[in-house]
Amino acid sequence: MDIVEEYRKQAAWRSWPAIFAALPPVDGKTVLDLGCGIGDQSAELAARGACVIGLDAQDELLAAARSRGLPHAEFRHADLHRPLDPAIIADGLWASFSPAYFTDLGAALARWLPHIRPDGWIALTEIDDLFGHEPLSVRARALFDAYAADSLSAGRYDFHMGRKLRSCLERARCTVTTAFSVPDHEFSFDGPARPDVLEAWRRRFTRMTLLRDRAGSDWETIADEFLGCLQRPDHRSLCTVCFVLARKQISPRPSAGSGISQ
Ligand SMILES: C[S@@+](CC[C@H](N)C(=O)[O-])C[C@H]1O[C@@H](n2cnc3c(N)ncnc32)[C@H](O)[C@@H]1O
């Protein structure tokens, strides 16, 4: 199964209705979908009347997004580590399951926020502690912790981004108006995983070659233990899926005659 097929399956496992219900009205607004993937959430935004500009670095995913033929959405190739097209101006910024790829999210927000109107909004959704599932042995947890630390220090991915969304937005001078976590059939659920979810985890592990390299000869044992953990009746997720909605703050105008001279 290719990555497009993998992504197609995921939408059904998420709590999108709760997240979309928290957004301000998007009808007639322009929304930037950063890390849009195959355009699932762009399609939801467009269905609610938004004009969507989806940006992503993977051409295969963009092709799948374009193939939807959405009348009010365009999908463009962009590396979000670089400055955006200066002509882009939007009312809302949506980024779901992509903020963790920006380990310095503050720097990324500093690049992205100038493209949002002064009264605009920012909606971020991200996982916190992907491998946080119980019960797991100390050895398995140590591997996942070490792998997460490697990913963060190499600037590849922050496995604990979910918990940082609010503080990153506040440091970027945004006003957080809503924050909650949602259940997720793949990441944040208790009890045994659904068979299709378990299969997706198996395939995720085949893609995670750096994790396998990190584990070395322990890999098969630890992967089996993790997949076994997800099938247990007493399985519990520590992993959460976090949503934060913020308003871009309008800088107060200096009041006339404030008497401050420089
Ligand atoms: C896990 S997927 C999430 C897709 C979709 N937003 C969703 O919620 O299902 C992360 C997406 O971020 C994109 N991405 C990661 N780093 C990126 C970068 N530097 N520039 C552009 N897109 C990036 C990936 O190509 C991928 O489509």
Side-chain angles (χ1 to χ4, degrees), residues 1-20 22-23 31-47 50 52-68 70 73-85 88 90 92-112 115 122-131 151-152 154-159 161-162 165 181-188 197 200-201 203-205 207-208 210 239-245:
M1 189 180 294
D2 66 16
I3 193 71
V4 170
E5 286 304 311
E6 297 282 355
Y7 279 10
R8 276 201 183 113
K9 282 180 171 288
Q10 293 175 359
W13 302 332
R14 310 278 178 260
S15 286
W16 292 125
I19 291 175
F20 281 111
L23 291 186
V31 180
L32 259 184
D33 181 358
L34 300 183
C36 61
I38 62 171
D40 271 332
Q41 296 72 43
S42 294
E44 290 289 338
L45 292 161
V52 184
I53 303 172
L55 303 179
D56 205 283
Q58 290 197 56
D59 290 323
E60 190 186 0
L61 303 181
L62 287 166
R66 288 183 192 118
S67 73
R68 293 169 182 271
L70 297 172
E74 57 170 307
F75 296 98
R76 303 191 202 164
H77 181 104
D79 178 358
L80 297 169
H81 281 115
R82 303 180 62 78
L84 304 187
D85 174 351
I88 293 178
L93 185 164
W94 169 280
S96 54
F97 299 100
S98 51
Y101 290 90
F102 302 89
T103 52
D104 185 350
L105 186 61
L109 287 170
R111 282 194 302 281
W112 302 339
H115 295 270
I122 302 98
L124 305 181
T125 305
E126 194 49 276
I127 305 168
D128 193 84
D129 197 8
L130 177 68
F131 299 113
S151 298
L152 183 61
R156 277 194 303 272
Y157 190 89
D158 186 343
F159 281 88
M161 181 56 84
L165 296 176
S181 57
V182 288
D184 186 288
H185 287 296
E186 188 180 19
F187 301 131
S188 193
V197 165
W201 270 102
R203 289 193 300 269
R204 169 172 291 113
F205 279 160
R207 294 196 301 274
M208 297 186 92
L210 294 175
C239 176
T240 50
V241 173
C242 308
F243 170 75
V244 181
L245 176 70

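Note: hydrogens, waters and symmetry copies are ignored here, and every other heavy atom, side chains too, is used. Note that ligands are numbered from 1 as they come in the structure, with each ligand's atoms numbered from 1 the same way.
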Atom 2 (S) of ligand 1: nearest protein contact (heavy atom, Å): Y7 OH, 3.4 Å
Nearest 0.5 Å, please: how far is CZ in F20 from CG in L45? 4.5 Å
Near F102 (heavy-atom distance under 4.0 Å), the atoms of ligand 1 are 17 (C), 18 (C), 19 (N)
Working to the nearest 0.5 angstrom, can you tell me the gap between D158 CG and L130 CG? 12.0 Å
Any idea which protein heavy atom is nearest atom 7 (C) of ligand 1, and the distance to it? Q41 OE1, 3.1 Å
Under a 4.0 Å threshold between the charged nitrogen and the carboxylate oxygen, would E186 count as salt-bridged to R204? yes
Closest to atom 19 (N) of ligand 1 (judged by heavy-atom distance), picking from D79, D40, L55, T125: D79
Which residue in the set T125, L165, V182, L124 passes side-chain contact (heavy atoms from CB on, under 4.5 Å) when paired with C242? L165
If you take the centroid of each ring, where Trp contributes its six-membered ring, are W201 and W13 closer together than 6.0 Å? no
So, D40 and R14, do they make that salt bridge, N to O below 4.0 Å? no
Just say parallel, tilted or perpendicular for the rings of Y157 and Y101, cut-offs at 30° and 60°. perpendicular
Among all protein heavy atoms, pick out the one at the shortest distance from atom 20 (N) of ligand 1; state its residue, atom name and that distance to 0.1 Å. L80 N, 2.9 Å
Is the ring pair F187/F97 parallel, tilted or perpendicular, if the boundaries are 30 and 60 degrees? tilted
Considering only non-hydrogen protein atoms, determine which one is nearest to atom 4 (C) of ligand 1 and report residue, atom name and distance to 0.1 Å. G35 O, 3.5 Å
From D2 CG over to R203 CZ, what is the distance, rounded to the nearest 0.5 angstrom? 10.5 Å
For the atom pair OG1 (T103) and CZ (R156), what is the distance rounded to the nearest 0.5 Å? 10.0 Å
So if I count the atoms of ligand 1 from 1 in the order they appear, which ones are less than 4.0 Å from some heavy atom of A57? 20 (N), 21 (C), 22 (N)
At a non-hydrogen distance cut-off of under 4.0 Å, which region of L61 contacts ligand 1 (side chain, backbone, both, or neither)? side chain
Numbering the atoms of ligand 1 from 1, which are under 4.0 Å from a heavy atom of G37? 27 (O)
Heavy-atom contacts with A78 under 4.0 Å: which atoms of ligand 1 show up? List them by number with element. 20 (N), 21 (C)
Closest to atom 10 (C) of ligand 1 among protein heavy atoms sits F97 O, 3.4 Å
Does an N or O anywhere in L34 fall below 3.5 Å from an N or O of ligand 1? no
Check whether any N or O atom of D56, backbone or side chain, sits under 3.5 Å from an N or O atom of ligand 1, and answer yes or no. yes
Within-cut-off N or O pair, Y101 and ligand 1, under 3.5 Å: no
When you measure from atom 3 (C) of ligand 1 to each heavy atom in C36, S96, S98, which option holds the nearest one? S96
Does at least one non-hydrogen atom of Q10 fall below 4.0 angstrom from an atom of ligand 1? no
D128 side, atom CG; F159 side, atom CZ - distance, nearest 0.5 Å: 11.5 Å
N/O of D33 under 3.5 Å from N/O of ligand 1, yes or no? no
